[in-house]
Amino acid sequence: MSRHVAIVTDSTAYLPPRTMERHGITAVPLTVVLGDRALEEGTEISTRSLAQALQKRRPVTTSRPSPELFAETYRKVAESGASGIVSLHLSAELSGTHDAAVLAARQAPVPVRVVDTGTVAMALGFCALAAAEAAESGGTVDEAVTAAEKRASGTSAYFYVDTLDYLRRGGRIGAAQALLGSALAVKPLLQLDAGRIELLEKVRTASRAIARLEEIAADRAGSAPVDIAVHHLAAPERASALADRLRTRVPGVADLHVSEVGAVIGAHTGPGLLGVVVSPR
């Protein structure tokens, strides 16, 4: 049995299944609570079901994985031959997932380094890929952690939502909460800043907001080699069109992913979400 450094993340990384399989990355699912039903993200609830529930204003909440689920995952990964594990997760400012992983790591059969990436969605996914690539080239746990942290520090995430109402309900808007009174009347652009969701700009119309989102992402990308992800919830045509424009506008784009976010992020943003992750190589 070969000994190697294994990479674990969570379901909010939204990595393509084939990419995860190719790099041996394991994702621990968060939970969406729909009414009185607890459903695992990625396997037990579709984004369509979530969007329909939100549009009908049904109660939707989210929950971190249990420490027991992390412990079971670490045990299985160790049994597969891992000599160490790097466990990379969404911002601790947004979820208790990191804390649950830390609790489980104390009982793991091999050393586990748990990292709060301060990111989410493909910003987290790019960190996991950086760690996996470091491990595949023979890197140690420390070297894989360093690769992930370096990627996280250079990655930016911006997103547009049709309304801040979903973020307000879930208590996920951080310092932007004081601006709700006026922001709910316009189209907000937000960013991840120090692991928190912060209001970036307020724009009067959806079309202007999306154009501004494109401009901000393109300026951030510059001309150096960069990976980009375009995320959406129930807005595939918007996402595809934005991706096409960025592909033309950003000369250094290497990989460009277009994907719908899962139910956990969707529960807090609502249908109409359009996001761009810019991750320099």
Side-chain angles (χ1 to χ4, degrees), residues 2-16 19-28 65 70-71 73-78 80-158 191-196 220-222 224-229 252-257 276-281:
S2 64
R3 308 299 289 173
H4 61 280
V5 173
I7 309 303
V8 171
T9 187
D10 60 67
S11 59
T12 68
Y14 303 135
L15 284 163
T19 300
M20 292 180 60
E21 184 177 355
R22 183 166 66 249
H23 292 282
I25 299 170
T26 302
V28 178
F70 271 113
T73 300
Y74 295 152
R75 178 181 57 78
K76 289 180 178 178
V77 170
S80 74
S83 58
I85 298 170
V86 177
S87 198
L88 303 158
H89 301 292
L90 80 161
S91 171
E93 295 281 351
L94 304 177
S95 169
T97 299
H98 171 270
D99 293 342
V102 169
L103 289 173
R106 295 170 183 166
Q107 309 299 323
V110 297
V112 179
R113 285 279 301 278
V114 181
V115 179
D116 172 11
T117 66
T119 64
V120 73
M122 271 300 294
L124 170 57
F126 287 133
C127 292
L129 285 174
E133 289 166 359
E136 287 163 5
S137 58
T140 63
V141 165
D142 286 346
E143 289 168 336
V145 168
T146 297
E149 291 178 337
K150 182 178 179 181
R151 196 71 185 259
S153 67
T155 297
S156 301
Y158 310 99
Q191 66 177 340
L192 270 178
D193 183 14
R196 296 182 297 272
R220 174 67 183 87
V226 64
D227 294 328
I228 293 176
V253 65
D255 289 334
L256 199 158
H257 303 261
V276 182
V277 174
V278 179
S279 185
R281 289 200 164 193

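Given the structure is predicted, the values throughout are model-derived calculations rather than measurements.
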Please check: side-chain N/O of [X] versus main-chain N/O of [Y], any donor-acceptor pairing under 3.5 Å?
{"X": "Asp10", "Y": "Val28", "result": "no"}
{"X": "Thr19", "Y": "Leu15", "result": "no"}
{"X": "Asp255", "Y": "Asp227", "result": "no"}

Is there a ring-ring contact (aromatic ring centres under 6.0 Å, His included) between Phe70 and His89 once you walk through the steps?
CA-CA 12 Å; Phe70 271 113; His89 301 292; 5.1 Å; yes
Looking at every non-hydrogen atom in both residues, tell me the closest pair between [X] and [Y] and how far apart they are.
{"X": "Ala92", "Y": "Asp116", "answer": "N-OD1, 3.1 Å"}
{"X": "Leu94", "Y": "Leu192", "answer": "CD1-CD2, 4.2 Å"}
{"X": "Ser279", "Y": "Thr155", "answer": "OG-OG1, 2.8 Å"}
{"X": "Val110", "Y": "Ser83", "answer": "CB-O, 3.8 Å"}
{"X": "Ala147", "Y": "Ala134", "answer": "CB-CB, 3.9 Å"}
{"X": "Gly154", "Y": "Arg220", "answer": "O-NH2, 2.6 Å"}

[X] [atom1] to [Y] [atom2] distance, which is reported to the nearest 0.5 Å:
{"X": "Lys76", "Y": "Thr26", "atom1": "NZ", "atom2": "OG1", "value": "10.0 Å"}
{"X": "Thr12", "Y": "Leu90", "atom1": "OG1", "atom2": "CG", "value": "4.0 Å"}
{"X": "Ile7", "Y": "Ile25", "atom1": "CD1", "atom2": "CD1", "value": "7.0 Å"}
{"X": "Glu93", "Y": "Thr119", "atom1": "CD", "atom2": "OG1", "value": "12.5 Å"}
{"X": "Gln191", "Y": "Tyr158", "atom1": "CD", "atom2": "OH", "value": "6.5 Å"}
{"X": "Ile85", "Y": "His4", "atom1": "CD1", "atom2": "NE2", "value": "8.5 Å"}

Taking side chain to side chain contact (heavy atoms under 4.5 Å, CB included) as the criterion, tell me which of Val8, Val141, Thr140, Val114 meets it with Val86.
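That would be Val141.
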Any side-chain hydrogen bond (donor to acceptor under 3.5 Å, both in side chains) involving residues 125-138? Give me the pairs, sequence neighbours left out, ordered by first then second residue.
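side-chain hydrogen bond (donor to acceptor under 3.5 Å, both in side chains) check on residues 125-138 returns His23-Glu136.
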From CA spacing to verdict: side-chain hydrogen bond (donor to acceptor under 3.5 Å, both in side chains), Ser91, Arg196:
CA-CA 8 Å; Ser91 171; Arg196 296 182 297 272; over 6 Å; no
Is any side-chain heavy atom of [X] less than 4.5 Å from a side-chain heavy atom of [Y]?
{"X": "Arg75", "Y": "Gln107", "result": "no"}
{"X": "His257", "Y": "Phe126", "result": "yes"}
{"X": "Glu149", "Y": "Val115", "result": "yes"}

Just do the side chain to side chain contact (heavy atoms under 4.5 Å, CB included) check on Asp142 and Arg113 with the steps written out, would you?
CA-CA 8 Å; Asp142 286 346; Arg113 285 279 301 278; 2.5 Å; yes
